Amino acid sequence: MAQPFYITTTLPYVNADPHIGFAMELIRADAVARLHVLGGYDVFFNTGTDEHGLKVYRKAKEQHVDTQEYVDGLAQKYKDLIPALGVRREVNFIRTTDARHKQAAAAFWDKVKANGFIYKKSYSVKYCVGCELEKTDSELVEGRCPLHPVQELELINEENYFFKFSAFQQRLLDLYEQNPRFVVPDFRFNEIKAFVARGLEDFSISRLSTKMPWGVPVPGDPDQVMYVWFDALVNYISAVGWPEVVDSFDRWWQQTGGVVQYCGKDNLRQQAAMWQAMLMAADLPPSKTVVINGFITGDGGLKMSKSLGNTIDPLELVGEYGTDALRYYVLRELTAFEDSPFTTEKFKESYNANLANGIGNLTSRILKMATTYGITLSEEDKKTSYYTPALVGEIVTTYDLSKKMSEIWQKIAMLDEHIQRTEPFKKIKVDPEAAKKDVYDMLKNLFEIALMLEPYLPETSVTIQNLIKENKMPEKPLFMRK
RNA sequence: CGCGGGGUAGAGCAACGGUAGCUCGUCAGGCUCAUAACCUGAAGAUUGUCGGUUCGAUUCCGGCCCCCGCAACCA
């Protein structure tokens, strides 16, 4: 039986439509999943939606719709990303409002509680009367609400359950020590190590259900619901069957050595520290790797926001340029781990240069000669795979997909250059045999490029492979110039 | 001294102790198989700043300036 591999994205929070940052995460995780499939692994790929919590509850109220109805609508939009972004159809889509997940979250709570890592404590929240909202310290400016600076904040005491995060400092540091590639890239790893080394505070994991009913009920305490993070993180194990589907959990969590998690840099703490401590508290093994993406910013590195009007809708781009165009840009042009600015101008420029003029045009020129001169690839040269387990292993030591894409485009450039140098279209008139041999080699190389592209641009890869197999010119350009 | 990232040709990025590369854009030439695509060549950077180490620094060390995130729950 093939070796199992488990990869997941974070579950995006459904308080807004899908945005380009999550599209990037999903596409990258999909590329890694596809790489493993091609490398012969048995792959479980997980994504879904995080649907509980105050923000969702409020948003639904604002729009005067039933909360469940509201999250159903958004969950569907996230689900629609899967075909739009060319994500494997076999992907598992979990919703934190699924009954199975809620049961798992409750079981997880019980387990952690039984192990002595959950306790009740009075907790004071800061409340701005002006906003009629609770405020976190990070929202305050000099201890005051920036919107109502003249009003004093009220302190409201409430009892919440807390998770004994502080008990896991040493064990987390040991985990990091023993797994030198636990967090990728290394500068994020350093960041979380330093954070944990500085000392940890227990954090609240429940809310009063009178104030916020939209969550998983705390087992045995009808007055409280789980804080959204606590419930959402459990999805990584509930998705693979924890606790009751023992075989499945064993295969995907134990035999794989844990999950590979993709997330944004704002999720570093939650994924690389809090979640790992939660797993320890439930006597479960840790994740395998946490890969931290940078953010996509607007022009000039500005934060993307609706108010600035510089947001990018991934579905709009796909509608205009196609799925693989977006995949290409996200995988190749956006830096692997740093923040990357995204503008439609840059996108279009890169599309024209590398897809239309690059692989698209190359395919046309080679196939034109091949079809005209009647050259087809031998069965032997129509290999079916390029990726080996060893190669896949090498790629995931760094998760730098952009580098791998660049190598493919180097090969494309070399082929263009080779055509120019050997000029088979001239040679055909004086030395047809030699010209045909040249074109055969080109066809073979193009086929290999198609195979190399498979995890990244699956649609394009298959199209090129089929054109070569059927010895046909593309009916229309693979990527129309824009 | 809260934590972290960054300042390199017009733009976006790379390199990392040995005379600074790539992509886009610009200019000149070539080719005609191809999606006015492709190939070649050229112009364009005192690598934020000051100082140190060194035979030699963009690369190592220190000071300073500027940008951007995070600062306990927003991909």
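On a predicted model such as this, the values are computed, not experimentally measured, just so you know. Residue numbers start from 1 in every chain, and the chains themselves are labelled A, B, ... in the order their sequence lines are given, proteins ahead of strands.
Among residues two or more places apart in sequence or in another chain, the side chain to side chain donor-acceptor pair (under 3.5 Å) test is passed with A:Lys265 by A:Asp339. Considering only residues two or more places apart in sequence or on other chains, A:Phe347 meets the ring pair (Phe, Tyr, Trp, His ring centres under 6.0 Å) condition with A:Tyr321, A:Tyr329, A:Phe342.
For B:rG18 and B:rC60, the P atoms lie 11 Å apart once the distance is rounded to whole Å. The same atom, C1', is picked in B:rU54 and in B:rC61; the two are 12 Å apart, to the nearest Å. Comparing B:rU40 with B:rU32, their C1' atoms are spaced 15 Å from each other, to the whole Å. Spacing of P atoms, B:rU58 relative to B:rA28, comes out at 35 Å, to the nearest Å. Comparing the same atom, P, in B:rU19 and in B:rG25 gives a spacing of 30 Å after rounding to whole Å. Of the P atoms belonging to B:rA15 and B:rG5, the separation is 15 Å, rounded to the nearest Å. One C1' atom belongs to B:rC13, the other to B:rC1, and the distance between them is 33 Å to the nearest Å. As rounded to the nearest Å, B:rC70 and B:rC27 have P atoms that lie 41 Å from one another.
Residue-level contact check: A:Arg421 touches neither bases nor backbone, having no heavy atom under 4.0 Å from any strand. When heavy atoms are screened at a 4.0 angstrom cut-off, A:Thr363 is found touching no nucleic acid atom at all. Residue A:Ala353 is classed as a sugar-phosphate contact, given heavy-atom separations below 4.0 Å to backbone atoms only. Within the 4.0 angstrom heavy-atom criterion, only backbone atoms of the sugar-phosphate kind lie near A:Gly264; the bases stay farther away. Heavy atoms of A:Ile428 sit nowhere under 4.0 angstrom from any nucleic acid atom.
Here the side chain of A:Ser204 is nearest to one of B:rC73, B:rA34, B:rA72, namely B:rC73. Closest to the side chain of A:Phe195, out of B:rC38, B:rC3, B:rA72, is B:rA72. Considering only the side chain of A:Glu423, B:rC31 comes nearest among B:rC31, B:rU35, B:rC74. Considering only side-chain atoms of A:Glu191, the nucleotide from B:rC33, B:rU32, B:rG4 that sits closest is B:rG4. For A:Arg269, counting side-chain heavy atoms from C-beta on, the closest listed nucleotide (B:rC73, B:rA72, B:rC39) is B:rA72. For A:Gln420, taking side-chain heavy atoms from C-beta onward, the closest of the listed nucleotides B:rG30, B:rC73, B:rU32 is B:rG30. Taking only side-chain atoms of A:Arg365, from C-beta outward, the nucleotide of B:rG5, B:rC70, B:rC38 with the closest atom is B:rC38. Comparing B:rC33, B:rC70, B:rC73 against the side chain of A:Met274 picks out B:rC73 as the nearest. The side chain of A:Asn361 sits closest to B:rU35 out of B:rC33, B:rU40, B:rU35. In the set B:rC73, B:rC33, B:rC24, the nucleotide with an atom closest to the side chain of A:Glu349 is B:rC24.
Across the protein-nucleic acid pair, A:Ile296 atom CD1 and B:rC13 atom C1' stand 16 Å apart, rounded to whole Å. Remark: P of B:rA72 and CD1 of A:Ile192 are 14 Å apart, rounded to the nearest angstrom.
No salt bridge links A:Lys404 with A:Asp400; every basic N to acidic carboxylate O contact stays at or beyond 4.0 Å. Classification of A:Lys77 and A:Asp17 as a salt-bridged pair holds, one side-chain N sitting under 4.0 Å from a carboxylate O.
By the 30° and 60° cut-offs, the orientation of the rings of A:Tyr176 relative to A:Phe182 is tilted.
Contact between the side-chain N/O atoms of A:Lys426 and the OP1/OP2 oxygens of B:rC31 is not found at any separation under 4.0 Å. Taking side-chain N and O atoms only, A:Asn354 has no distance below 4.0 Å to OP1 or OP2 of B:rU23.
Ranked by how close their nearest RNA chain B nucleotide is to the 5' end, A:Lys55 and A:Glu338 are led by A:Glu338. When each of A:Arg188 and A:Glu201 is assigned the nucleotide of RNA chain B with its nearest heavy atom, A:Arg188 is the one assigned upstream, toward the 5' end.
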Point to revise | Structure string for RNA chain B in dot-bracket form, Watson-Crick and G-U at under 3.5 Å, | interchain | key: .((((((..((((....[..)))).(((((.......))))).....(((((..]....))))))))))).....
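Cation-pi check for A:Lys121 over A:Phe162 is met; the charged atom lies under 6.0 angstrom from the ring centroid and within 45 degrees of its normal. Taking the ring centre of A:Phe189 as origin, the terminal cationic atom of A:Lys193 falls inside the region bounded by 6.0 Å and 45° from the ring axis. Cation-pi geometry between A:Arg332 and A:Tyr456 is not satisfied (NZ or CZ under 6.0 Å from the ring centre, within 45° of the ring normal).
Aromatic ring centres of A:Tyr70 and A:Trp214: separated by at least 6.0 Å.
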